[in-house]
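Just so you know, residue 1 is the first one in the sequence shown, and it goes up from there. Bear in mind the structure is a predicted one, so any value in this text is a computation, not a measurement.
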Amino acid sequence: MKKTNLPRLGLCATALCLLPALSLAQDKPLSLPAQTVLGSEADEQDTRIPLARSIVSDEEISPQSLGANLSETLQRVPGIVAVNRQNYAQDLQISSRGFGARAQFGVRGVRLVQDGIPLTMPDGQGQPSLFDLDGMQRIEVLRGPLTTLYGNASGGIIQGFTDEGSFYPTLENRTAFGPDNLWRSRLRYGGQHGDLNVAANVSRLETDGYRDHSETRRDIANLRLGWDIDDASSLTLLINSLDQPETQDPLGLTKAQVREDRRQAVSGTDRFDTRKTVRHNQAGLNYQRRLSNDDKITLMVYGGERYVEQFLAFPGSGQFSGGGVIELDRRFGGGELGWQRETQLFGLPVELAAGLTYDYQGEQRNGFVNELGSKGPQQRDEFNTVDSQDAYLISTWQLDPRWTLTAGVRHSRVEFESEDDYFVDGQDDSGSVDYQQTNPALGLSYQWTPSLTLYGALGQGFETPTFQELAYQQSGSGLNFGLQPSESRNAEVGLKLRHEQTRLNLALFRSRVDDEIVTGPGQAVTGRSTFVNAGQSTRQGMELSVEQGFDHGIDAYLAYTLLDARFDSYTTNSGEDLSGKNLPGVPRHSLFAELSWQPPGTGFVTALEAQSLSERYATDDNQNSASGYAVFNWRAGYTHEVGNWTVDPFVRIDNLGDKEYIGSLIVNGPGGRYYEPAPDRQWLVGVGLQYQWR
């Protein structure tokens, strides 16, 4: 492997040297200062922060379901489209208000964070499979102009908070079975041991997959250690590991192939044995201390490694093709130092927060010829780095008992650099590019009544291309350093109602984006995706969520999104004018509804769910699309306690009507292979077994 540029990993290396010597914890999940100011406290009733905020509690995270995919949870959040692609080689597809819909794998445009530690790399690409759903206490989804204060993302933040171990030592197993040899089992332990709180879990997922050539095995391990050092300080250590070897990739299908056999994989998958191996290990440390003058400091450091080997569906033997086998060996890390103070300014209560962040990733990228499923001669050899430095200042002013003003600014610098060591083609493709942006945001909320809050916000954001989007040019070799970051200007008004058993959130939003990053024409030799900048685009719409409780344990929930997302000005390299076309992958209407019944004191729960998406376009020219659909799901579970034992059997049926529909789209996919079919009617049965030492 090439040099890892260790001097740039100062914070990360120091943290990793200290981690083995520490036993850590705290009595609640840590929040970084920026998260605290933006309202990410455990109090769900706090409606004063002027942004759209959805909280999914531990009881709502993957209820009576597999518990392996974030899409099971996020489908109930307005503004979010989260779908399971039935392809574990490419992870889930998640977008927020249309941002990130272009992603052909992983997540872009939305920042992923767990316990203050980023699961999104400095270049903006995130992996939702890294979330520890088995140990999650809650998930918060933040949308709106103020979220741009988090840096390199335009669609908002998805952040998870790990639950601490229970006071009494508890051991739990949960196992579920489904069709296509689907099997998932987890083992979780938690307990308080003196000053040390321990929460740990391991899980394995195995499946042959709904489609041909989609066999998967995924092992995940997570550890959280917490320590209350004293009354003023706390410390938390988090360790995460993922091992996913030889995951088969069925690729997308054309419309004709879907009609012929929706479960098939394309012919090249067997010939080239398309597959992906991922190994990811990460550790993070959070320290928080309150000083005598009510100042609070926060220090977060993290680091890890990620290895990826992917076999694509072509040889990649051309002069500028870069190979049909991709091998990535990445080291990453960084940290954040934050300060927070509650004080007065001009006689008004104000909360101030400031901080510095540094993130780094260094990645050895190799390419090889795919010789019918085996690694052949080398076609690419380069070492790529990303440095990200940010500084932010955020304040929340209590103007009077009803008015609250939140304002902030963040300056970001993201530098990409590539060192090319592949000279067989006779040229040196080394190079670098530096992106800088200062983003302000401002929000105002008014508490009209104790139950009703109105708010408005304005903000500016930006989003750099990821290294994968820079990886190929339309012709020739080397990185596409001409690709520019997109810049967004965002506005939102909304209301939040909390009255007895009623909870209502309504948001009207608009985003104007310059230099929208879109999938461009395929690479001239290999047909693999390249990316270009469109002129301008607009996203505007409405988000509504309503939760209503009734007597006798009946609850109803509705989440609806109306989103008009289109290109204002976009002329392709071939001269085609696509102005006025809808952004691909973005439904105009999306809906999730649930009616649940949990008779008090019985331990029984059942629910009927409805999920619907309207038509989605697969290409920028809107000539190809997936029809809208509506499906219904049913689930039921029963919890029974006997002494120290708790038994929790459950059953679930998805797609009750056995409807055939397209679950996800590969936007502008090569060869017209845009479509990833969703399963027909599916069943799942499982049982949880828990023992607690009291």
Side-chain angles (χ1 to χ4, degrees), residues 11-12 14-16 18-19 22 24-43 49 53 55-56 70 110-122 126-128 130-133 135-142 146-147 149-153 156-164 197 199 222-229 233-240 282-290 296-304 332-340 351 353-360 388-392 394 408 410 412:
L11 281 172
C12 174
T14 302
L16 293 179
L18 291 173
L19 293 180
L22 297 173
L24 313 167
Q26 63 184 51
D27 60 352
K28 64 179 182 178
L30 281 173
S31 297
L32 296 180
Q35 295 170 317
T36 300
V37 169
L38 292 183
S40 296
E41 297 288 348
D43 182 12
I49 304 303
R53 175 191 181 206
I55 300 176
V56 186
L70 194 61
V110 183
R111 285 191 65 80
L112 308 179
V113 182
Q114 181 164 323
D115 297 305
I117 296 170
L119 301 181
T120 294
M121 293 292 103
Q127 305 296 330
L130 299 177
F131 274 106
D132 175 18
L133 296 179
M136 200 70 71
Q137 189 261 348
R138 75 186 191 277
I139 294 174
E140 298 192 3
V141 183
L142 308 178
L146 289 180
T147 64
L149 296 174
Y150 278 77
N152 186 9
I157 304 103
I158 299 171
Q159 53 184 358
F161 295 88
T162 306
D163 201 2
E164 62 181 7
N197 184 271
N222 299 282
L223 172 65
R224 177 187 183 278
L225 298 176
W227 181 28
D228 284 328
I229 302 172
S233 56
S234 55
L235 202 59
T236 299
L237 168 68
L238 296 140
I239 299 176
N240 314 98
Q282 179 170 321
L285 174 68
N286 256 325
Y287 172 77
Q288 182 172 288
R289 181 171 181 82
R290 183 171 292 278
K296 184 168 66 176
I297 59 171
T298 302
L299 173 65
M300 180 275 292
V301 289
Y302 74 99
F332 60 90
E336 177 164 352
L337 178 62
W339 162 83
Q340 184 177 343
E351 187 175 14
L356 301 172
T357 73
Y358 173 78
D359 300 282
Y360 167 86
S388 174
Q389 304 100 34
D390 294 70
Y392 63 82
I394 306 173
R410 186 182 189 107
S412 300

How far does CG of L225 sit from CG of L237, to the nearest 0.5 angstrom? 5.0 Å

Flag the pair V113 / L119 as yes when at least one side-chain heavy-atom distance between them is below 4.5 Å, and no otherwise. no

By salt bridge (Lys or Arg N to Asp or Glu O under 4.0 Å), which residues pair with R289, not counting sequence neighbours? D230

Evaluate T357 against D359 for side-chain contact (heavy atoms from CB on, under 4.5 Å), listing each step before the verdict. CA-CA 7 Å; T357 73; D359 300 282; 4.2 Å; yes

Steps toward side-chain contact (heavy atoms from CB on, under 4.5 Å) verdict (L238, L223): CA-CA 6 Å; L238 296 140; L223 172 65; over 6 Å; no

Going from CG on L285 to CG on L299, what distance comes out if it is rounded to the nearest 0.5 angstrom? 6.5 Å

Would you give the length of the straight line joining atom CG of L133 to atom CD1 of I139, rounded to the nearest 0.5 angstrom? 5.5 Å

I need the minimum non-hydrogen distance between L356 and A391, along with the two atoms involved. CD2-CB, 3.6 Å

All heavy atoms of I229 vs all of Y287, minimum pair found to be CD1-CE1, 3.8 Å

If you measure from OG on S234 to CG on N197, what distance do you get to the nearest 0.5 Å? 12.0 Å

Please confirm whether the backbone N or O of D115 pairs with a side-chain atom of N286, one donor and one acceptor, at under 3.5 Å? yes

Minimum-distance pair of heavy atoms, taken over all atoms of I158 and F131: O-CZ, 3.7 Å

Partners of Q389 by side chain to side chain contact (heavy atoms under 4.5 Å, CB included), sequence neighbours excluded? Y358, D387, R413

Apply side chain to side chain donor-acceptor pair (under 3.5 Å) to T120 and list each qualifying residue two or more places apart in sequence or on a separate chain. none

List the residues meeting side chain to side chain donor-acceptor pair (under 3.5 Å) with N222, not counting sequence neighbours, and say none if there are none. D132, N201, N240

Quick check: closest heavy atoms across P128 and L70, and the distance to 0.1 Å? CB-CD2, 4.2 Å

Can you name the nearest heavy-atom pair linking P118 to M300, along with the distance? CD-CE, 3.9 Å

About how many Å separate CG of L337 and CD1 of I297, when rounded to the nearest 0.5 Å? 7.0 Å

Looking only at side-chain N and O atoms, does T162 offer a donor or acceptor that is under 3.5 Å from a partner on Q114? yes

Step-by-step side-chain contact (heavy atoms from CB on, under 4.5 Å) determination, L142 to Q159: CA-CA 8 Å; L142 308 178; Q159 53 184 358; 3.7 Å; yes

Yes or no on side-chain contact (heavy atoms from CB on, under 4.5 Å) for E336 and Y392, after CA distance, side-chain angles and deciding distance? CA-CA 11 Å; E336 177 164 352; Y392 63 82; 2.7 Å; yes

Can you measure from OG (S233) to CZ (R290) and round to the nearest 0.5 angstrom? 12.0 Å

Applying side chain to side chain donor-acceptor pair (under 3.5 Å), name anything that partners Q282, two or more places apart in sequence or on another chain. H280

Where E164 and A199 come nearest, the two heavy atoms and their spacing: C-CB, 4.3 Å

Residues forming a salt bridge (Lys or Arg N to Asp or Glu O under 4.0 Å) with D390, sequence neighbours excluded: R410

Could R138 and F161 be counted as a cation-pi pair, given that NZ or CZ must be under 6.0 Å from the ring centre and within 45° of the axis? yes

